[in-house]
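Working notes, beginning with the structure itself.
Order of appearance sets the numbers: ligands from 1, and atoms from 1 within every ligand.
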Amino acid sequence: MSVFSLQDLRKTVLTSSLEKVYTLQEIARTSFDFPVCAVLGDPIAHSLSPRLHHQALAYLGQNHPEFLEWKYVKILVKTEELQLALSLLHGRKFRGLNLTLPHKVEALKFVQDLTPTAKQMGSINTLILETNGYKGDNTDAEGFRWALKHVFGAMDFSKTPVFLYGAGGCARAITQALIHEGVQDLTIINRSPDRLSNFKEIFNERFPIGVKLISQNALTAYPKGLYINGTSLGLNQEDPLPFPVTALPQGSLVFDSVYAKDGTQLMQIARNQGLKATDGKFMLAGQASAAFAHWTGHWVPPEIFLPGTLAT
Ligand code: NDP
């Protein structure tokens, strides 16, 4: 007979609450008498953010027990519900919010202030509670830069051609980070020309010489370089690959910003070919660490946020 300890029970209860997807109606009916943070998106069930933030809260709680009271939940919020959601959560004093697909650009309309980074990027993933509303920041670029160094080590961006697929919020953050790293040869490939031209407007003055913007499938040669998936392809099992990974030459690096529990298909195919590759878990950990610091006033290293670092 197996013995179930109180500690096991606490772990089971916490694990199931980390997986729970709240609706706005449920949030409106629930009373929270402890500090709460949340991630909002559609879809949201796959999000690892509650697990990651609870790892960090457990870590911080070792020296600051008040943080063991905090909770981080996931809430399904559809595009048309976003304004109502932010007003409801502000009224309930949610300390911090993360935004994911499809809210990062739309939410700019509903915050009361923006950090300089968020203004430059035109997209937000982190909201910080202020008296009259939320302040928006974007920590994805910081997360990407940390992940890049953590996984691939120091790189000389003056010599590395970079191919970035996607032109949405994630791609904006990655471009910002690449510019910061001194990229000289950047090709951005996107399916829809509209989003590509918006993208050009936002980064126009900041594009270094050598940036090319091209439509999906216009790329015919695949030289050695860093290939980044900044599209949402890979979120669903049946999605096609964002680029023909089997055509990449040896020595190429593959960075998938999408993440999956056991790694994405893109990452796995690249690795099977002998290429260095990662999925988006490290970027997720990096952006989470920066958001967490805003809300708690404490910096917890991104390594602590990596999935499975601590038992939660
Ligand atoms: P957006 O909705 O802003 O952009 C989606 C992008 O994906 C667009 O460029 C869109 O192209 C492209 N896309 C969607 N479907 C297809 C398709 N069938 N074929 C080709 N291109 C397609 O989303 P985000 O940029 O916010 O997010 C993109 C992904 O990045 C998400 O999966 C998200 O989970 C991930 N992400 C991961 C992070 C991490 O920390 N690991 C951080 C941020 C994001 P088009 O313009 O043609 O529609």
Side-chain angles (χ1 to χ4, degrees), residues 39-49 51-53 74 77-79 82 98-108 118 121-126 136-148 150-151 163-177 187-200 202-203 213-219 228-244 254-261 263-267 277-292 302 305-307:
V39 57
L40 320 185
D42 178 22
I44 199 62
H46 72 290
S47 175
L48 294 175
S49 289
R51 194 165 284 278
L52 269 52
H53 282 276
K74 41 185 157 188
V77 175
K78 300 191 175 301
T79 306
L82 183 62
N98 279 136
L99 302 177
T100 186
L101 204 79
H103 302 312
K104 291 184 180 185
V105 175
E106 188 69 7
L108 291 168
M121 242 182 260
S123 104
I124 49 183
N125 76 331
T126 299
D137 188 27
N138 196 313
T139 64
D140 283 339
E142 203 173 326
F144 175 76
R145 286 176 59 218
W146 180 79
L148 208 55
H150 188 81
V151 178
F163 300 87
L164 168 60
Y165 286 76
C170 179
R172 287 186 197 183
I174 290 176
T175 302
Q176 173 103 348
T187 306
I188 297 171
I189 305 114
N190 196 56
R191 179 182 59 174
S192 82
D194 283 2
R195 211 177 317 226
L196 212 48
S197 52
N198 287 345
F199 197 87
K200 194 171 177 179
I202 288 170
F203 284 99
L213 294 158
I214 64 173
S215 294
Q216 191 86 17
N217 301 329
L219 198 67
I228 303 168
N229 176 29
T231 76
S232 46
L233 288 175
L235 268 182
N236 301 309
Q237 285 268 306
E238 62 280 8
D239 283 347
L241 293 172
F243 47 81
V254 174
F255 189 109
D256 192 350
S257 47
V258 175
Y259 61 85
K261 196 158 168 274
T264 57
Q265 201 190 7
L266 178 69
M267 180 192 97
T278 184
D279 75 354
K281 287 194 193 90
F282 294 94
M283 181 174 174
L284 187 73
Q287 62 78 29
S289 165
F292 187 88
F305 289 81
L306 287 172

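Here the options are F282, F144, F255, the test is ring pair (Phe, Tyr, Trp, His ring centres under 6.0 Å), and the partner is H150; only F282 passes. Just one residue in the list D279, D256, D239 forms a side chain to side chain donor-acceptor pair (under 3.5 Å) with T264, and that residue is D256.
Those atoms of ligand 1 with a heavy atom of G166 less than 4.0 angstrom away are 9 (O). Residue G168 approaches ligand 1 through these ligand atoms, each under 4.0 Å from one of its heavy atoms: 3 (O), 4 (O), 9 (O), 25 (O). Shown in contact with K104 at under 4.0 Å from a heavy atom are these atoms of ligand 1, numbered in order with element: 26 (O), 42 (C), 43 (C), 44 (C). Heavy-atom contacts of V258 reach the following atoms of ligand 1: 32 (O) (cutoff under 4.0 Å).
Atom 16 (C) of ligand 1 lies below 4.0 Å from at least one non-hydrogen atom of the protein.
Here atom 9 (O) of ligand 1 lies nearest to N190 when heavy atoms of N190, T231, N125 are compared. In this structure, of G230, C170, P102, the residue bringing a heavy atom nearest to atom 44 (C) of ligand 1 is C170. Distances from atom 27 (O) of ligand 1 to the heavy atoms of L101, T139, T100 show the closest one on L101.
Separation of atoms CG (N98) and CZ (F292) is listed at 11.5 Å; rounding is to 0.5 Å. Here NE2 of H103 is found 8.5 Å from CG of L101. Values are rounded to the nearest 0.5 Å.
Formation of a donor-acceptor pair under 3.5 Å by the S257 side chain with backbone atoms of G280 is not found in this model. Within the 3.5 Å criterion, the main-chain N or O of G122 finds no donor-acceptor partner in the side chain of K104. When atom types are taken as modelled, the side chain of D137 and the backbone of T126 share no donor-acceptor pair closer than 3.5 angstrom. In this structure, R195 contributes its side chain and N190 its backbone to no donor-acceptor pair below 3.5 Å.
The shortest heavy-atom distance from A167 to ligand 1 is under 4.0 Å.
Closest approach of P242 to L266, counting heavy atoms only: CG-CD2, 4.0 Å.
Every N/O-N/O distance between L233 and ligand 1 stays at or above 3.5 Å. Considering backbone and side-chain atoms alike, S232 places an N or O below 3.5 Å from some N or O of ligand 1. At least one N or O atom of R191, backbone or side chain, sits closer than 3.5 Å to an N or O atom of ligand 1. For a threshold of 3.5 Å applied to N or O pairs, the pair formed by L235 and ligand 1 contains no separation below that value. Remark: ligand 1 and A171 share no N or O pair separated by less than 3.5 Å (distance only, no angle test).
Counting protein heavy atoms only, atom 37 (C) of ligand 1 is closest to S257 O, 3.1 Å. Protein heavy atom at the shortest distance from atom 10 (C) of ligand 1 is R195 NH2, 3.8 Å.
Within the 4.0 Å heavy-atom criterion, both parts of M283, backbone and side chain, lie near ligand 1.
Using modelled atom types, one finds no donor on one side chain facing an acceptor on the other under 3.5 Å when comparing D42 with T79.
Between F243 and Y165, the ring planes are tilted. Angles from 30° to 60° get that label.
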